[in-house]
S.K.: 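Can you keep this structure in mind? I'll have questions shortly.
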There are 2 protein chains.
Amino acid sequence: MSVASVNDTEVGEAAHTGILFGPLPGMLGYQIRQAQTAVFRDFATSVSGLEISPGEFSLLTLIDVNPGASQTQLTAVYKVDKSTLSLRISGLVKRGLVRRSRSKTDRRYYALWLAAPGRRLLGKVRQQVDRQERAMAAALGPDEREAMLGMLERIVRVFES
Amino acid sequence: MSVASVNDTEVGEAAHTGILFGPLPGMLGYQIRQAQTAVFRDFATSVSGLEISPGEFSLLTLIDVNPGASQTQLTAVYKVDKSTLSLRISGLVKRGLVRRSRSKTDRRYYALWLAAPGRRLLGKVRQQVDRQERAMAAALGPDEREAMLGMLERIVRVFES
DNA sequence: TATTGTTATACTCTATAACTATA
DNA sequence: TATAGTTATAGAGTATAACAATA
């Protein structure tokens, strides 16, 4: 498909119900959304019972890799408002997954760490995420997988300005 | 990157704050989510003032392409609960963007159409979406863009079973 | 009985604004 | 004054369950 044809009113594939998708399947934005929804749905079923969301998995991973980091530092990477992050972290602390203590040098800061149950949970979830990643990798092959990671990063960068 | 390395604890790139991303940047699920967030954010700013969400754009497009379709038919494609779709459609009807009337042959059904203001709005939003698609296409080039659409569709299919 | 659609309700995730405490 | 974090509140988007109307 040429770039120009993005503007055409193409007829998308019909579902088995006879409903047409119109131009949506030819749009990257739409297909990215569909893929993201599929990945989240699979995540939810594969970790059902572990009581964890994709966002919480990211958060636990970031705290694991950055022990001692503060909430404000995390918002630079996990892009939500500090009030939202406060609620998320409070939830993880209440569940015994994360521990925090005020910094000795500047008592405004918290320092965050994974508690042992958090590390255990992260390990279990990581297994499921790795399984999910392998399933996608098998559908693409190593070269396409690597190419796709690069393309997704470039797309993010398109809108950073 | 090999498929096996998905399991490694790779060190992700550091943000300009010194925070590490850990294994996240090497995960398709994570990068798909990042791209989706970036696309939605750009959508929101580019159509700000038009009071429309990405989901409403999809819905208006589907109604445009399938005039006369019922709400139940739409849920086969726009995958939300019928109660959720009822609320969404009610909102579009109240805003004068969509019209509905009971089917003559089976009065349980609604038949949905775009009202004139809905068609006008969809046209404006479509211009912005096309601009967004061209921006992404420019960052990829025609071949990669087409390849990416195919890969995204395959990823959705991985989880359909 | 089954299907279409609505409503009441609740849950999750989010941001804004006002706040406390520390610096 | 400025920064780190919390809380109150509100809005968007979602699903479940009970329901009314129609078949």
Side-chain angles (χ1 to χ4, degrees), chain A residues 17 19 33 36-38 40-41 43-45 47-48 50-60 63 66 68-95 98-113, chain B residues 17 19 33-34 36-38 40-41 43-45 47-48 50-60 63 66 68-95 98-112:
Chain A
T17 53
I19 295 290
R33 173 61 168 166
Q36 187 261 316
T37 302
F40 269 33
R41 216 183 293 267
F43 180 96
T45 62
V47 302
S48 81
L50 295 183
E51 301 300 319
I52 190 164
S53 68
E56 287 169 335
F57 167 69
S58 289
L59 224 31
L60 290 180
I63 295 171
N66 300 279
S70 73
Q71 293 182 193
T72 294
Q73 281 180 303
L74 285 185
T75 60
V77 167
Y78 188 82
K79 297 193 173 307
V80 296
D81 189 81
K82 59 179 180 168
S83 66
T84 300
L85 190 65
S86 175
L87 291 171
R88 297 290 127 253
I89 298 289
S90 295
L92 297 175
V93 169
K94 275 183 197 127
R95 291 166 61 190
V98 168
R99 294 204 311 147
R100 60 180 160 187
S101 60
R102 294 287 180 178
S103 160
K104 297 283 181 189
T105 59
D106 185 338
R107 295 181 47 71
R108 292 175 299 182
Y109 291 80
Y110 273 130
L112 303 168
W113 288 278
Chain B
T17 54
I19 295 290
R33 172 60 169 169
Q34 297 305 303
Q36 187 261 315
T37 301
F40 269 35
R41 215 184 293 266
F43 181 96
T45 63
V47 303
S48 80
L50 296 182
E51 301 301 318
I52 190 166
S53 66
E56 286 169 337
F57 167 69
S58 288
L59 224 30
L60 290 179
I63 295 171
N66 300 280
S70 72
Q71 293 181 193
T72 293
Q73 281 181 303
L74 285 186
T75 59
V77 167
Y78 187 83
K79 297 193 174 307
V80 295
D81 189 82
K82 60 181 180 167
S83 66
T84 299
L85 189 66
S86 175
L87 291 171
R88 298 287 128 254
I89 298 289
S90 295
L92 297 174
V93 169
K94 274 183 198 128
R95 291 165 62 188
V98 168
R99 294 204 311 147
R100 61 181 161 186
S101 60
R102 294 286 180 180
S103 160
K104 297 282 182 191
T105 58
D106 185 337
R107 295 181 48 71
R108 291 175 301 182
Y109 292 79
Y110 272 129
L112 302 168

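Below, chain A is the first sequence line, B the second, and so on; all start at residue 1.
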S.K.: For A/I89 and A/R100, work out which heavy atoms get closest and say how close.
M.R.: CG2-NH1, 3.8 Å
S.K.: Rounded to whole Å, please give me the gap between CG in A/L92 and P in C/dC13.
M.R.: 10 Å
S.K.: Determine the minimum heavy-atom distance between B/F40 and B/P54, stating which atoms define it.
M.R.: CZ-CB, 3.5 Å
S.K.: When we call it a touch if two heavy atoms are under 4.0 Å apart, what does A/D81 touch: a base, just sugar-phosphate, or nothing?
M.R.: base
S.K.: Between C/dT6 and B/Q71, is there an OP1 or OP2 to side-chain N/O distance shorter than 4.0 Å?
M.R.: yes
S.K.: Specify the residue among B/R100 and A/T84 whose closest nucleotide of DNA chain C lies further upstream toward the 5′ end.
M.R.: B/R100
S.K.: On the ring face of B/Y110, is B/R102 found with NZ or CZ under 6.0 Å from the centre and within 45° of the axis?
M.R.: yes
S.K.: How far apart are the closest heavy atoms of A/L112 and A/S70, and which atoms are they?
M.R.: CD1-C, 4.3 Å
S.K.: Is it the case that over 12 heavy atoms from other parts of the model lie below 6.0 angstrom from the CZ atom of A/R99?
M.R.: no
S.K.: What integer distance in Å separates B/R107:CZ from C/dT3:C1'?
M.R.: 15 Å
S.K.: How close or far is atom P of C/dC13 from atom CD of B/Q36, stated in whole angstroms?
M.R.: 15 Å
S.K.: Let me know, please, whether A/L87 or A/K104 comes out on the 5' side of the other along DNA chain C by nearest nucleotide.
M.R.: A/L87
S.K.: Give a yes or no on whether a donor-acceptor pair under 3.5 Å exists between the nucleobase atoms of C/dT16, that is its base, and the side chain of A/S83.
M.R.: yes
S.K.: Provide the start and end nucleotides, 5' to 3', of the part of DNA chain D that has atoms under 4.0 Å from heavy atoms of chain A.
M.R.: D/dA2 to D/dT7
S.K.: Is the shortest side-chain N/O distance from B/R102 to OP1 or OP2 of C/dG5 below 4.0 Å?
M.R.: no
S.K.: With heavy atoms under 4.0 Å as the rule, sort A/T72 into base, sugar-phosphate or nothing.
M.R.: sugar-phosphate
S.K.: If you take all heavy atoms of B/K104 and B/R107, which pair is closest and at what distance?
M.R.: O-CG, 4.4 Å
S.K.: Choosing from C/dT14, C/dG5, C/dT3, which nucleotide comes nearest the side chain of B/R108?
M.R.: C/dT3
S.K.: Check step by step if side-chain contact (heavy atoms from CB on, under 4.5 Å) holds for B/Y78 and B/L85.
M.R.: CA-CA 8 Å; B/Y78 187 83; B/L85 189 66; 3.9 Å; yes
S.K.: B/R88 CZ to C/dG5 P: how many Å, rounded?
M.R.: 16 Å
